[in-house]
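Input: a single structure, listed below in structure tokens.
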Amino acid sequence: QIDPCNDNLFEDNDCRLSPNNAIESTFSKGNVFRRNDCSRSNYGFWLGYSWENVLEDNTIEFNRWAGIAAEHAFDFQVRSNRIRLNGDGVRLWTRGGPVLQYWPGHEVTHNFTFTDNLFESNTVGFSGYTDDTVPDADCYGFHLRDNTFHDNRVGARFSRVRDCTLSGNTFKGNVEAAVRLIGEPGVTLDDNRFEANAADVERC
């Protein structure tokens, strides 16, 4: 196994202009990332196979592929971040592979809470899905509450997930859809506000 880098505070760092990941924290637990600028890279944060981390008050802008990317990760708190002008603002997914045999408990990405974040002008603000290469287990427990989704092409997109919630969020001016549900994902919508979106909830 890889030796992890656990229980650290990363605060007030300028991590812009990486040719790959502004911050990479894989196979690690208990880290707190606060007030960092993770912008203008391929990925702002790459957090695969990590758990029990906190992302708070970071600036995550102009990343080519994703602002926050986490595969096979769990138990995150993500709050009060500015996630703007990325490919995917957030990408949470499961894709399987040989690494899993060394990391039991990481079979799927699960239990992420997003609170009071701004998702603005991304191609997709939030994307949560299970890849087709994983036939027998789905991601679960993505909870998004009191966030703002503004001027994304798609605000939030879900495919092959279960036990997820969208509650108290504001979706305004999203170009194709505020929420896109692919197939029949297990997503509950409650008390969200929709304004001037091309479509509020699109099922496809």
Side-chain angles (χ1 to χ4, degrees), residues 1-100 102-103 106 109-129 131 133 139 142 144 147-157:
Q1 280 207 33
I2 297 170
D3 290 331
C5 180
N6 295 341
D7 302 315
N8 300 284
L9 172 63
F10 297 88
E11 190 173 71
D12 295 318
N13 297 289
D14 184 347
C15 302
R16 294 174 297 169
L17 298 170
S18 167
N20 198 7
N21 307 318
I23 288 180
E24 179 173 351
S25 178
T26 53
F27 306 101
S28 300
K29 72 175 282 287
N31 293 314
V32 176
F33 302 93
R34 181 180 297 132
R35 295 193 305 273
N36 302 288
D37 192 341
C38 294
S39 301
R40 298 181 183 273
S41 304
N42 272 341
Y43 294 87
F45 284 90
W46 184 277
L47 303 164
Y49 289 87
S50 290
W51 67 107
E52 297 177 12
N53 290 329
V54 174
L55 278 65
E56 182 175 54
D57 197 21
N58 299 287
T59 298
I60 308 165
E61 298 180 338
F62 289 104
N63 293 291
R64 182 179 184 185
W65 300 115
I68 299 170
E71 55 170 347
H72 299 274
F74 61 88
D75 290 352
F76 273 60
Q77 297 288 327
V78 183
R79 52 184 179 251
S80 302
N81 300 283
R82 295 160 299 284
I83 305 168
R84 304 179 61 251
L85 297 154
N86 305 285
D88 288 348
V90 171
R91 182 187 302 166
L92 303 183
W93 82 109
T94 289
R95 62 178 172 181
V99 176
L100 278 174
Y102 304 107
W103 290 88
H106 290 262
T109 299
H110 62 278
N111 292 351
F112 275 67
T113 300
F114 291 81
T115 309
D116 195 33
N117 300 283
L118 172 64
F119 297 85
E120 185 172 59
S121 302
N122 305 284
T123 303
V124 178
F126 175 92
S127 181
Y129 66 96
D131 196 272
T133 57
C139 297
F142 300 156
L144 288 73
N147 303 283
T148 298
F149 293 82
H150 174 245
D151 189 40
N152 306 281
R153 292 204 68 81
V154 177
R157 179 178 65 192

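The shown structure was predicted, so the numbers you read here are calculated from the model rather than taken from an experiment. Throughout, residue positions are numbered sequentially from 1 according to the sequence presented.
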Flag, side chain of [X] to backbone of [Y], donor-acceptor distance under 3.5 Å:
X    : Y    : result
N31  : S25  : no
T94  : T109 : yes
N122 : I83  : yes
N117 : N147 : no
N6   : K29  : yes
N53  : G30  : yes
N58  : N36  : yes
H106 : E71  : no

Quick one: [atom1] on [X] to [atom2] on [Y], what's the gap to the nearest 0.5 Å?
X    : Y    : atom1 : atom2 : answer
W51  : D75  : CH2   : CG    : 10.5 Å
T113 : F76  : OG1   : CZ    : 11.5 Å
S127 : I68  : OG    : CD1   : 13.0 Å
F27  : H72  : CZ    : NE2   : 10.0 Å
N111 : L92  : CG    : CG    : 11.5 Å
E120 : F149 : CD    : CZ    : 12.0 Å

Parallel, tilted or perpendicular: rings of F114 and F112 (30°, 60°): parallel
Once you measure the plane-to-plane angle for W93 and W46, does it fall in the parallel (<30°), tilted (30-60°) or perpendicular (>60°) bin? perpendicular
Under 4.5 Å between any side-chain heavy atoms of R91 and Y43, yes or no? yes
Decide yes or no for W65 and N42: does some side-chain heavy atom of the first lie under 4.5 Å from some side-chain heavy atom of the second? yes
Taking all heavy atoms of [X] and all of [Y], pick out the closest pair and write down the distance.
X    : Y    : result
A22  : S39  : CB-N, 4.5 Å
N8   : C5   : ND2-SG, 3.3 Å
D131 : R95  : CB-CA, 3.9 Å
D151 : S121 : OD2-OG, 2.9 Å

Do S80 and D57 get their side chains close enough for a donor-acceptor pair, meaning under 3.5 Å? no
Which residues share a salt bridge (Lys or Arg N to Asp or Glu O under 4.0 Å) with E56, sequence neighbours left out: R34, R79
Using side-chain contact (heavy atoms from CB on, under 4.5 Å) as the criterion, list what pairs up with N63, not counting sequence neighbours. S41, I60, N86
Using the rule side chain to side chain donor-acceptor pair (under 3.5 Å), only one of R84, R35, R82 pairs with T59; which is it? R82
Under the criterion side-chain contact (heavy atoms from CB on, under 4.5 Å), I'd like the reasoning laid out for F119 against V90: C-alpha separation, chi angles, the key distance, then a yes or no. CA-CA 9 Å; F119 297 85; V90 171; 3.6 Å; yes
